[in-house]
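Worksheet: the structure to be examined is printed underneath.
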Protein chains: 4
Amino acid sequence: MKKKTTNTPSTFHEEGRVARRRARVRADLLAAARQVFIQRGYQEATISEIIQIADVAMGTFYLHFRDKEELLLALAEEGLQLLREQIHTALTAHPDQPLIPLIIRTLLHAAYQERELFLLLCAGESHLLAQTRTHQAQQGLAAHFIPPLRAAKERGELKESDPVLLAHLLGGMLVRAITWWFDQDEPGPDAMADQVLGMLAHGLPSSLLTNNDAPTS
Amino acid sequence: MKKKTTNTPSTFHEEGRVARRRARVRADLLAAARQVFIQRGYQEATISEIIQIADVAMGTFYLHFRDKEELLLALAEEGLQLLREQIHTALTAHPDQPLIPLIIRTLLHAAYQERELFLLLCAGESHLLAQTRTHQAQQGLAAHFIPPLRAAKERGELKESDPVLLAHLLGGMLVRAITWWFDQDEPGPDAMADQVLGMLAHGLPSSLLTNNDAPTS
Amino acid sequence: MKKKTTNTPSTFHEEGRVARRRARVRADLLAAARQVFIQRGYQEATISEIIQIADVAMGTFYLHFRDKEELLLALAEEGLQLLREQIHTALTAHPDQPLIPLIIRTLLHAAYQERELFLLLCAGESHLLAQTRTHQAQQGLAAHFIPPLRAAKERGELKESDPVLLAHLLGGMLVRAITWWFDQDEPGPDAMADQVLGMLAHGLPSSLLTNNDAPTS
Amino acid sequence: MKKKTTNTPSTFHEEGRVARRRARVRADLLAAARQVFIQRGYQEATISEIIQIADVAMGTFYLHFRDKEELLLALAEEGLQLLREQIHTALTAHPDQPLIPLIIRTLLHAAYQERELFLLLCAGESHLLAQTRTHQAQQGLAAHFIPPLRAAKERGELKESDPVLLAHLLGGMLVRAITWWFDQDEPGPDAMADQVLGMLAHGLPSSLLTNNDAPTS
DNA sequence: AATGAATGAGGCTTCATTCAT
DNA sequence: CATGAATGAAGCCTCATTCAT
């Protein structure tokens, strides 16, 4: 049994070439997966179709991802990475701006850019995420809001409100805003942010929430 | 299609008995489905397991439901029916109360009662509902809020806000409130309603949304 | 367990009524079966659809026919009965005409009248007939020709030909004539009979069958 | 679809080996199918039984054939291929012989060799062929006879006869000759050809077709 | 590392037939 | 006699995954 595992690469470019090839195949698979997941939905998507589009062999898929779920997670990671970067950039660019509006605006911009991917991740298809990481997506989303809300709580500005729960409710609104784009592309991310922030700023008109005329018991 | 009614009316209870038996089998299937869907999730649920629990034969299932999807829809219909009834009751009992808080409170009560079912319908699993009826669940939810918001809009109380979009954002919050119960059962429906309504009443503290001290740029 | 089986019919019309009802149901089933068999083919036809069209209950079907096959056989019997009657009539009306042309003409007329039924019986669908009664249809068809051919054989007019085989070959031609009507309704039964009889009268032109110019080998 | 040829050409026989293996599995499936189709008939044949005999897994079947129908078509193609080859050989070997007898003889020889397969294709089972390709088998058969008959027609040797219809009637005879072998293996293909050609040469004795003695009415 | 033919468990669904009413 | 809800065996087919090359 001669094992010809070249521990010493014949040329020093070799490693880089192999690594690049690998990365390229991985990228092809991710791109194909994105396309197919968006088109068919996670459940209906088949690895078969993905590898055909990526133009690699069945076995190759399993050299890069353990299974379909890991593929989805990688795709989600891509989306979240994009998000993190944009948020980081925004924070750096506007260090004096209040956090929450900044994050909301940036998030909605990023999500609008990649509407279909975020739809996939936010909408029902992510049942796997839900089961494995318990709403990773939504939690990750809410996580951004927890620190400022907690700070406000400590400043006594939130009264009875639970900052964590509040963050999640806010997350729910944003997820709904993103899925709204499933049906209509209007309004764009800025107008959408205005709608969300408008609501957050003033709440609903008190006429809708209180019994205006009668002194209720 | 001629329907020969009571060709053999040996007892006049006959028809009723057959109908009752039929309804019972259907109910058994729905109960079994609820259990299995909640336990395994929609996708992982198999008709096989459902009929085993319902203790009927394969074919019997298809006598009552065309496929797994129709079963889910029937289950959803059950939940929505419960909801509609409770909302109707609440509206009748408190005709002078403002609509939105009433609906939110009632909805959260109903959803908390049947947490697991509503979780199934609200959370990711409902991708089928999404595809067939375009977010029927969420839309149905939002639908309740559209009329009062539209009225407020016409009274000029909503400024720039789009009442339909607002209703959906509100719906998103409520869905998130319900899925929150997936992890913790706390807070109960009333406290949850208070949190939601608190946010709707005042929005977030302005310190979180506006640049309080510095005239930016 | 009181069994109220009226062995003594209350009125003497009763029996007749019951018998008539029975016959009517049977006829409804046959008519429905004919329609469905023709439309879907034997294999694709379901008893379910047949009873729906006949407007009787599942169980009722099994009071009249043991299974789908018996239904097809009954239908075939109907067709053959029609055929026998028409042939008998023709034979009676023209006792001095030669048998074979008479039968061919009559057969083609009858088959054309009920093209679709005969198609069903002649064409591929009749694999059951084939398996159970070994080409009952075709054999029944050929049977008509065997006696006259045998007679001719005995008169020494057939030389080497086997009258039974000949009868079957003739049957094959006629079956093909009938299935021809599947695609085109032209030519009508009389012209078709002329074509068949023309071929039977003279065979093919000898130029097509013999090496006209060269003494081969 | 980029096809990377021989990325890993460890041995230059590699590709051939895989292809050969594949072809072998396909051949195994065809052989098994032939056996099962003949034994049980097309409808009664199950893919399960076929793969058991071919000793491959379920999925493997679907790697080679879309469904049962495609399998039958492939089998039919095999038969027709055999036929075409033999007819071509015969035509080349005897270019001076008249076409129709040559084809009939060759066809009957080929069909007799593979009696069971041809039975399957000619007899009722081929309803699928009928539906998909409109009697492909029979039409393909008749097709051979159309050109010479048309030529004869143009030479004025066919009088009233329609050459296309005639070809089909001839085809019907031959199909019947083949199915005759279902019951008896006698007479062999040569004697059978003699019977068919005998009938084509002279038709039936005129005594069977005309009213010989009496001027009718 | 890449390939892709082969695997096979297990899902969904149909439908002829029965039997209690 | 008529009913039709219930039965359940059995077929088809998919697709994630493996492994020899």
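Convention: sequence-line order gives letters A, B, ...; per-chain numbering from 1. Predicted model only: the values in this text are computed from it and were never measured. Just so it is clear, the values below take in all heavy atoms, side chains as well, and ignore hydrogens, waters and symmetry mates.
Shown for residues 22-36 of chain B: no residue has heavy atoms falling under 4.0 angstrom of DNA chain E.
Rounded to the nearest 0.5 Å, atoms CG (L71(B)) and OH (Y42(B)) are 8.0 Å apart. Here the CG atom belonging to L72(A) is positioned 7.5 Å from the CD atom belonging to E69(A), to the nearest 0.5 angstrom. With rounding to the nearest 0.5 Å, the separation of CZ in F37(A) from CD in Q43(A) is 9.5 Å. A distance of 7.5 Å separates CZ of R21(D) from CZ of R17(D), quoted to the nearest 0.5 Å.
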Check: residues 47-65 of chain B side-chain donor-acceptor pairs under 3.5 Å, at least two apart:
residue	atom	partner	partner atom	Å
E49(B)	OE1	R40(B)	NE	2.9
E49(B)	OE2	R40(B)	NH2	3.2

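Rounding to whole angstrom units, CD of residue E70(A) and P of dA16(F) are separated by 15 Å. The CZ-C1' distance, from R20(D) to dA6(E), rounds to 18 Å in whole Å. F65(A) places its CZ atom 16 Å from the C1' atom of dA16(F), with the value rounded to the nearest Å. Atoms CD (Q52(C)) and C1' (dA5(F)) sit 14 Å apart, rounded to a whole Å. With rounding to whole Å, L71(A) atom CG is found 16 Å from dC15(F) atom P.
Where pairing requires Watson-Crick or G-U contacts shorter than 3.5 Å, the helical stems of DNA chain F with at least three consecutive pairs are E:2-21 with F:2-21.
When all heavy atoms are compared, the tightest approach of A45(B) to K68(B) is O-NZ, 2.9 Å. When every heavy atom of G79(B) is checked against every heavy atom of L117(B), the shortest pair comes out as CA-CD2, 4.1 Å.
A heavy-atom distance below 4.5 Å is not found between the side chains of V18(B) and R22(B). Between L121(C) and L75(C), every side-chain heavy-atom pair lies at or beyond the 4.5 Å cut-off.
Here the side chain of R17(D) is nearest to one of dT21(F), dA6(F), dA2(E), namely dT21(F).
Taking side-chain N and O atoms only, H64(D) has a distance below 4.0 Å to OP1 or OP2 of dA6(E).
The salt bridge (charged side-chain N to carboxylate O under 4.0 Å, His left out) test applied to R66(D) returns E70(D), not counting sequence neighbours. Take R34(D) and apply the side-chain hydrogen bond (donor to acceptor under 3.5 Å, both in side chains) test, not counting sequence neighbours, and it matches E78(D), E114(D).
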Could you run down nucleotides 12-17 of chain E 5' to 3' and tag each one B, S or - for protein heavy-atom contact under 4.0 Å?
SBBBSB
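For the pair R21(B) and L63(C), nearest-nucleotide mapping onto DNA chain F gives the more 5' position to L63(C).
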